[in-house]
J.: 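This structure is in structure tokens; I'll ask about it shortly.
Here the structure is a predicted model, which means the values were calculated and not measured. Below, chains carry the letters A, B, ... as their sequence lines are ordered, and counting in each starts from 1.
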There are 4 protein chains.
Amino acid sequence: MEELEKKAGGRPRSDQAHQAILQATMEVLKRDGYRAMTIEAIAACAGVGKKTIYRWWSSKAEVALETLTTYVEMHVPFQDTGSLEGDLLTHLKLALPGLAGPSGALLRGLVAESLLNEDFAHEFQRLFIIPRRAELVVLLKRGIQRGELPSEVDPEVLADQVYGAKWYRFLLYPAPLDDNYAHTLVNHILLLSKQDQ
Amino acid sequence: MEELEKKAGGRPRSDQAHQAILQATMEVLKRDGYRAMTIEAIAACAGVGKKTIYRWWSSKAEVALETLTTYVEMHVPFQDTGSLEGDLLTHLKLALPGLAGPSGALLRGLVAESLLNEDFAHEFQRLFIIPRRAELVVLLKRGIQRGELPSEVDPEVLADQVYGAKWYRFLLYPAPLDDNYAHTLVNHILLLSKQDQ
Amino acid sequence: MEELEKKAGGRPRSDQAHQAILQATMEVLKRDGYRAMTIEAIAACAGVGKKTIYRWWSSKAEVALETLTTYVEMHVPFQDTGSLEGDLLTHLKLALPGLAGPSGALLRGLVAESLLNEDFAHEFQRLFIIPRRAELVVLLKRGIQRGELPSEVDPEVLADQVYGAKWYRFLLYPAPLDDNYAHTLVNHILLLSKQDQ
Amino acid sequence: MEELEKKAGGRPRSDQAHQAILQATMEVLKRDGYRAMTIEAIAACAGVGKKTIYRWWSSKAEVALETLTTYVEMHVPFQDTGSLEGDLLTHLKLALPGLAGPSGALLRGLVAESLLNEDFAHEFQRLFIIPRRAELVVLLKRGIQRGELPSEVDPEVLADQVYGAKWYRFLLYPAPLDDNYAHTLVNHILLLSKQDQ
DNA sequence: GTTTAATCGAGACGGTACGTCGAGTCTTACG
DNA sequence: CGTAAGACTCGACGTACCGTCTCGATTAAAC
């Protein structure tokens, strides 16, 4: 039931090479940073011809995108803990630590790429930004239904405020993104419904 | 009393060349986009030697940064309209339109650059991100003092939520950034104080 | 009847700068070699503006040519010792040592320049090559008149053979140019008249 | 038995590019002269990337040297005609005409280069100057053995006188280098043995 | 004594070519 | 036929000097 529409004979795609490339991407990234990372370096590090990379991806951004989704595969799930506060805190506390370290660097590089290349931006949004945001919106709507948020709030805009705050500090504003921050942020969201205390 | 530590002679910097470079930067940006914009193209378009650019700036990002601050010089002031709602709405409605068009493209390029180059990131934050954010914080603190916001909100985090939402849509999430959006966003902020309705 | 059509006042040429430039040329030559020697380096080393050099010379080759004639001023005279053998040996033994050391390097550079630039070649020939060769021809003609050489030899071609041998080794063929060589060369010339031994 | 130390695969060197570069070198030389000839112009004229030139040669002088040896490959052989006079005349009459025209310009440029760059000088001597001089020495020694020259002449110094005269006129002294000159020069050499006429 | 004009050091200017780098494409031989 | 190796064309990089052009500051002869 898988996609086995390969025509006929010929050597099949080498999974070994595939894995070596993704792994080499991470290594070169850690060694040189995203900007200095080149297809040539990845190929050399993976012991692979450049053509083998270009056959399966169209740019270093595409390789990096797959590396991100493969290597991180988002250890950051959305869960239903029973309360909006729990849902948000759990999610954010899992999400923030990963932003330091290599996967954060990778993410910053991919955002940069999406800002410089509209085609890649669509890809990046489709595979990364939009799905995760959609889950956050679901979580917030659940909070509204539970009565934890006033019904007049717009969950779309509220999602922007939550993720926006996180991304703003991650991408632009040099200030810490720690558990303390997560608590304050969630408190601000919950304050919206503290009308009749 | 000023810094007049210039040693002696030498031909003074040509303001004509200086202006021509900033202008050419905008033209090439519009023509080719930020990524494809090169120092060589800027030099050619300005009728200037490459050395003249490298003498005063260290990269295309630095030129672009000065072009942004010079050419836009922020038609987007912060004003005290007497109410938090007025302050926020006025500011946002002025800020959002500029994000479409060439200055938006320039801004996206500069953010990308700051994500790829830590040194430039500091420069960009120092000259652009931090000062503007500081003004927003002042505006929010004024709202707290006036009693338009509950005293337990953290103006720093609230600023992240406002600017974060704006930047998130501008940089990452493909959804409109219009006056309607500004109203909803401001409403969410003001909802924080609707406790005794 | 001379060209003293200078209009009027104005600061006169600084002899101090003039000398400093010639001296700096020798220093830079020794430090960097002829090829790497630049007008900019000479100006910097002499503590002089580039314009001051370009005002009086048109290229580094012209400066070097004047430096050569000034600093060497030909310690290599032609003398009438009474015999062809004495004339030739005296001249060659004086000429050869100078070809090692900085003045040799300068000379090589000037020859290179004259090979690359036809205009400079004329200048170089006029001021250096032709006058010295003419003196050698005089010396050889004197030898013919004295009967030290057979009357059928062409002094022009014979001069080429003497100076040619010297220049050939100096410019092209890596072999010593010492007193021993001078003796053998002179012997070959004198052999032409050993017909009736 | 041969030098087959090539490791393994990889696209082989393009002979088409190789030939195009040598040919373009001659064209640009004719068009612009040696000094104004640049690697960029050669690359453009050959329809080749600059990298391809720098991959195989280290400077325009190296390209020019190979162009000289390839394109001229010396239509100027040394032959044993049975007499010293014949040998010398034949050789010189073949050698002199090539010194006018483009190959002469190339040769002048290469000499200039060798005067400005010691490393290249060694290369130039090894591949061009020394082998040809060696053949001339062989020719002269043959003359001595045949008794056409007195046994006390030094063939090394005599070679300098022959080639020196030629190079002197070619490089330094602006006078014709024609068949007439060849005859006079050879006569001077032969005069050495006219002792018992 | 002022004026006048050419000089001086300094260094920015518009250019050209340098030699390097990486992108993305192509040609081999091997398995 | 997919692959590793690596040569190919292309074009921007940032540097170095070129020869020219301001500057403000000398400097002497001419007025």
Side-chain angles (χ1 to χ4, degrees), chain A residues 6-14 16-17 36-41 43-44 46-56 58-60, chain B residues 6-14 16-18 20 36-44 46-56 58-60, chain C residues 6-14 16-18 20 36-44 46-56 58-60, chain D residues 6-18 36-41 43-44 46-56 58-60:
Chain A
K6 281 294 162 66
K7 287 191 170 184
R11 183 171 172 178
R13 175 175 187 179
S14 160
Q16 188 185 323
M37 178 170 75
T38 67
I39 295 272
E40 300 217 323
V48 141
K50 281 201 289 180
K51 193 62 182 289
T52 303
I53 297 181
Y54 281 112
R55 206 188 316 277
W56 304 108
S58 58
S59 66
K60 81 165 173 178
Chain B
K6 279 297 161 63
K7 289 195 170 186
R11 182 174 174 175
R13 177 173 187 178
S14 158
Q16 189 184 324
H18 187 170
M37 177 169 74
T38 68
I39 295 272
E40 300 217 324
I42 293 171
V48 142
K50 282 201 288 179
K51 191 68 181 289
T52 301
I53 298 182
Y54 283 112
R55 209 188 320 271
W56 304 109
S58 60
S59 65
K60 81 166 172 178
Chain C
K6 280 296 163 62
K7 287 196 169 183
R11 181 175 176 174
R13 178 174 186 178
S14 157
Q16 187 184 325
H18 187 172
M37 178 169 75
T38 67
I39 295 272
E40 300 216 324
I42 294 171
V48 143
K50 282 201 290 179
K51 192 62 181 289
T52 302
I53 297 182
Y54 281 111
R55 208 186 321 271
W56 305 108
S58 61
S59 66
K60 81 166 172 177
Chain D
K6 279 297 161 63
K7 290 198 169 183
R11 180 176 176 174
R13 178 173 185 179
S14 159
D15 240 321
Q16 187 184 325
H18 187 170
M37 178 169 74
T38 67
I39 295 271
E40 300 217 322
V48 141
K50 279 200 290 179
K51 190 73 179 286
T52 301
I53 297 182
Y54 283 112
R55 210 191 317 275
W56 303 108
S58 59
S59 65
K60 80 166 174 179

J.: Taking atom CG of D15(D) and atom CZ of R13(D), what is their separation to the nearest 0.5 Å?
T.: 7.5 Å
J.: For G49(A) and A43(A), which heavy atoms make the closest approach, and how far apart are they?
T.: C-CB, 4.2 Å
J.: Counting heavy atoms from C-beta on, name the nucleotide in dG22(E), dT20(E), dC13(F) closest to the side chain of E40(B).
T.: dC13(F)
J.: In terms of the nearest nucleotide of DNA chain F, which residue is placed more toward the 5' end: A17(D) or I39(B)?
T.: A17(D)
J.: Considering only heavy atoms from C-beta outward, does the side chain of M37(B) approach that of I42(B) to under 4.5 Å?
T.: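 Yes, their side chains come closer than 4.5 Å.
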J.: Within the 4.5 Å heavy-atom criterion, are W56(D) and H18(D) side-chain neighbours or not?
T.: no
J.: Taking atom types as they are modelled, would you say the side chain of R11(D) forms a donor-acceptor pair with the base of dA7(F) within the 3.5 Å cutoff?
T.: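 Check passes, donor-acceptor contact within cut-off.
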J.: Which residue, A46(C) or S14(B), contacts DNA chain E at a nucleotide closer to its 5' end, judged by nearest heavy atom?
T.: A46(C)
J.: When you measure only distances, ignoring hydrogens and angles, does the side chain of K51(B) come within 3.5 Å of the base of dG14(E) through a donor and an acceptor?
T.: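 No, the side chain and the base share no sub-3.5 Å donor-acceptor pair.
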J.: Looking for any heavy atom pair under 4.0 Å, which part of the strands does T52(D) touch: base, sugar-phosphate only, or nothing?
T.: base
J.: May I ask you to verify whether the side chain of K50(C) and the base of dG9(E) hold a donor-acceptor pair under 3.5 Å?
T.: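 It does not, because no donor-acceptor pair links the side chain of K50(C) to the base of dG9(E) below 3.5 Å.
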J.: Using whole Å, report how far OH of Y54(B) lies from P of dG14(E).
T.: 15 Å
J.: When you measure from the side chain of R55(D), which nucleotide among dC8(F), dT28(E), dA17(E) comes out closest?
T.: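 That would be dC8(F).
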J.: Pick the nucleotide of DNA chain F nearest each of M37(B) and P12(B); which residue has the one closer to the 5' end?
T.: M37(B)
J.: How many Å lie between CD1 on I53(B) and C1' on dA12(F), as a whole number?
T.: 13 Å
J.: Please confirm whether the shortest side-chain N or O distance from W56(B) to OP1 or OP2 of dC13(E) is below 4.0 Å.
T.: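 Looking at the OP1 and OP2 atoms of dC13(E), one of them is under 4.0 Å from a side-chain N or O of W56(B).
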J.: Work out which heavy atom in A46(B) is nearest to a heavy atom in A20(B); give both atom names and the distance.
T.: CB-O, 3.6 Å
J.: Rounding to a whole Å, what distance do you find between Q16(A):CD and dG31(E):P?
T.: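 Those two atoms, CD and P, are 15 Å apart.
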J.: Please evaluate the base of dT7(E) for a donor-acceptor partner in the side chain of R13(C) within a cut-off of under 3.5 Å?
T.: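 There is none.
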J.: Taking only N and O in the side chain of T38(A), is any of them less than 4.0 Å away from OP1 or OP2 of dC21(E)?
T.: no
